[in-house]
Structure formats: C-alpha cells, structure tokens
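Here's the structure, in structure tokens; my notes come after.
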Amino acid sequence: MNTRLPRADFTPSDADEPFWAATTEGRLLLSRCESCATVIWYPRPFCPRCGGSEVTHFPASGEATVYTYTVVRKARGEYRDLTPYVVAYVELAEGPRVLTNIVDCDPADVHIGQRVVLAFDAPDGARARLYRFHPETG
C-alpha cells in the first residue's frame, strides 16, 4: 500500500534532461524516431532500431497494463519498513515496457493484465520525479 518509496536524487545527463524535466511537470515524455516511427524507451538521443538521430518527444497517455511483477517482502536499508511493495514491468499504451512500482493498492490485488495509470512521487525539492503506476479506478 506504499504510495511513497524512497529514491535517490541525481543529476540528469544532457541526453535525458528533457525526459526528467517533464517529470517535474507531472508528464511522462516518450521519444519517437522520425525515420522509422519507433517509440523509444529508455530516453536517448538516437533510435536503437535504425540508428537515426532525428528523435522527437511526445507525452505518454499515462495508460498501461501490468506485463509482469513481483512483490518484495524482505528488503534492507530505507526499504526495510516499507515491505511488501510491488516492482513491475508495465506495457505503456504506446508500446514500450517500463520498470516501475505499482502503488496505492494491496500488493495481493496486483495481477498480470491489470490496467494501471501513471502517478508521480512528490518532488521534495528534487530535480526530477519518479513515475509510478496505480490501479485504474472506476
């Protein structure tokens, strides 16, 4: 049921700075190759499919489906008291699969194929916010 998991602050590189800047605005930004139309994940300045360097950015819909997941029941350090929590790959409506957490629910209720929606952690003055997902309601 953890809505807030710890995270380390970091300084984005030049290549992924537009992605992380968008997270501070509550947007998940994806990249697309203009040459072959591949949606690119993870953020980078070139297309891994065709090698093209003409890459544009667009906002993700925020809709996804749980592709696979695990429930973490034992952890160390600052995660120790937060168990159980869910680590998952979700498949975005735009195609890429991303590693994330499923939050705001009982881990026992998470299942493969479940529809989830985008949420962001609180910024706490950080230069970027982490994308997470929670079950779709209603």
Side-chain angles (χ1 to χ4, degrees):
M1 292 266 242
N2 296 311
T3 58
R4 201 151 153 80
L5 294 168
R7 63 191 223 74
D9 196 17
F10 62 95
T11 302
S13 70
D14 288 342
D16 60 8
E17 195 281 329
F19 172 84
W20 292 111
T23 68
T24 65
E25 302 167 0
R27 297 182 304 126
L28 181 64
L29 205 58
L30 297 175
S31 302
R32 179 182 293 123
C33 175
E34 290 300 309
S35 298
C36 71
T38 296
V39 177
I40 301 166
W41 183 260
Y42 58 89
R44 56 192 129 176
F46 64 91
C47 177
R49 183 172 184 206
C50 74
S53 60
E54 192 175 337
V55 174
T56 59
H57 305 288
F58 68 98
S61 67
E63 299 174 358
T65 305
V66 175
Y67 178 74
T68 192
Y69 71 97
T70 190
V71 177
V72 178
R73 298 187 188 283
K74 287 182 90 172
R76 294 178 176 212
E78 57 189 332
Y79 286 87
R80 175 181 288 139
D81 297 330
L82 299 174
T83 59
Y85 59 89
V86 178
V87 176
Y89 270 101
V90 300
E91 188 169 297
L92 301 176
E94 295 79 9
R97 292 181 187 141
V98 302
L99 184 63
T100 188
N101 297 107
I102 307 298
V103 297
D104 297 332
C105 67
D106 184 334
D109 293 337
V110 175
H111 59 274
I112 292 173
Q114 182 176 20
R115 306 242 337 138
V116 292
V117 293
L118 180 63
F120 285 91
D121 67 356
D124 283 344
R127 287 171 267 208
R129 295 169 68 184
L130 289 182
Y131 54 91
R132 298 202 164 107
F133 288 79
H134 62 84
E136 184 177 70
T137 58

Set of side-chain contact (heavy atoms from CB on, under 4.5 Å) partners for Y89, sequence neighbours left out = Y67, T68, R97, L99
L28 side chain reached by L92 side chain, heavy atoms, under 4.5 Å = yes
Contacts of R32 meeting salt bridge (charged side-chain N to carboxylate O under 4.0 Å, His left out) (sequence neighbours excluded), chain-then-number -> none
Could you tell me which residues satisfy side-chain hydrogen bond (donor to acceptor under 3.5 Å, both in side chains) with S13, sequence neighbours excluded, listed by chain and number?
-> D16
Who are the side-chain contact (heavy atoms from CB on, under 4.5 Å) partners of T65, not counting sequence neighbours?
-> R115
What pairs with Y69 under ring pair (Phe, Tyr, Trp, His ring centres under 6.0 Å), at least two apart in sequence or on another chain?
-> none
Determine whether V72 and V87 make a side-chain contact, defined as any pair of heavy atoms from C-beta on separated by less than 4.5 Å.
-> yes
Rounded distance (nearest 0.5 Å) linking atom CH2 of W20 with atom CD of E25 | 14.0 Å
Taking side chain as C-beta onward, heavy atoms only, is C36 less than 4.5 Å from C47?
-> yes
Give me the other members of the hydrophobic cluster that F46 sits in, counting Ile, Leu, Val, Met, Phe, Trp and Tyr linked by side-chain heavy atoms under 4.5 Å, directly or via other members.
-> none
Applying side-chain contact (heavy atoms from CB on, under 4.5 Å), run through S61 and E94 and close with a yes or a no.
-> CA-CA 8 Å; S61 67; E94 295 79 9; 3.1 Å; yes
All salt bridge (charged side-chain N to carboxylate O under 4.0 Å, His left out) counterparts of E34, not counting sequence neighbours | none
Applying side-chain contact (heavy atoms from CB on, under 4.5 Å), name anything that partners H57, two or more places apart in sequence or on another chain.
-> P18, L29, S31
Hydrophobic cluster identity match, V117 and V98, side-chain contacts under 4.5 Å = no
For P48, enumerate each residue passing the side-chain contact (heavy atoms from CB on, under 4.5 Å) test, keeping only those at least two apart in sequence or located in another chain.
-> I40, R44
Cluster check V39, V55: I/L/V/M/F/W/Y, side chain < 4.5 angstrom = no
Where do V90 and I102 land on the side-chain contact (heavy atoms from CB on, under 4.5 Å) test, with the steps shown first?
-> CA-CA 9 Å; V90 300; I102 307 298; 3.9 Å; yes
Mind checking what makes side-chain hydrogen bond (donor to acceptor under 3.5 Å, both in side chains) contact with E17, not counting sequence neighbours?
-> none
Classify the side-chain pair S35/E54 by whether it contains a donor and acceptor separated by less than 3.5 Å.
-> no
Less than 4.5 Å apart, any side-chain heavy atom of N101 and any of V86?
-> no
Under the ring pair (Phe, Tyr, Trp, His ring centres under 6.0 Å) rule, collect the residues that match up with F58, sequence neighbours excluded.
-> none
Side chain to side chain, T38 and C50, heavy atoms closer than 4.5 Å | no
Pairwise distance CG(L118) to NE2(H134) - rounded to 0.5 angstrom | 8.0 Å
Output all residues satisfying ring pair (Phe, Tyr, Trp, His ring centres under 6.0 Å) with Y131, sequence neighbours left out; order by chain, then residue number.
-> W41
For R73 and P84, indicate whether the former's side chain and the latter's backbone hold a donor-acceptor pair under 3.5 Å.
-> no
